[in-house]
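One structure is given below, encoded as structure tokens.
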Amino acid sequence: MTFEDLEPRHAAAAGLLAFVPTVIYGIGRPGLAGFVATLNVAIIFASLYVAMSPVDGDGHDHGHGSGDNGTSA
């Protein structure tokens, strides 16, 4: 398997490896710093996972770029 064969969502899932240093940071710090850092990693991962999800092709090809403005005469 080469890098080009890797799906974007799987590459985003590799971001879950960021939880390891975040948890270590959270254990070593008093207060909410570790919790906030872990929450930030979770939000970033979820955002990337959703952003890289496949998009359905239904209803997205309205003739844009072909000179047709979508109105019928």
**Study point:** Connected-component partners of L17 among ILVMFWY, side-chain separation under 4.5 Å
**Key:** none

Check your understanding: For V50, which fellow cluster members are found when Ile, Leu, Val, Met, Phe, Trp and Tyr are connected by side-chain heavy-atom distances below 4.5 angstrom, either directly or through intermediates?
Key -> none

Review point. More than 12 non-hydrogen atoms from neighbouring residues, nucleotides or ligands closer than 6.0 Å to CD1 on I43, yes or no?
Key: yes

Review point. Which ILVMFWY residues can you reach from I24 by hopping between side chains whose heavy atoms are under 4.5 Å apart?
Key: V20

**Study point:** Residue pairs involving residues 30-50 (criterion side-chain hydrogen bond (donor to acceptor under 3.5 Å, both in side chains); sequence neighbours excluded)
**Key:** R9-Y49

Practice item. Kindly write out the residues that satisfy side-chain contact (heavy atoms from CB on, under 4.5 Å) with I44, not counting sequence neighbours, or none if the list is empty. Key: L48

Point to revise | Partners meeting ring-ring contact (aromatic ring centres under 6.0 Å, His included) with F19 (sequence neighbours left out) | key: none

Review point. Which atom names give the shortest non-hydrogen contact between V41 and A18, and what distance separates them?
Key: CG1-CB, 4.0 Å

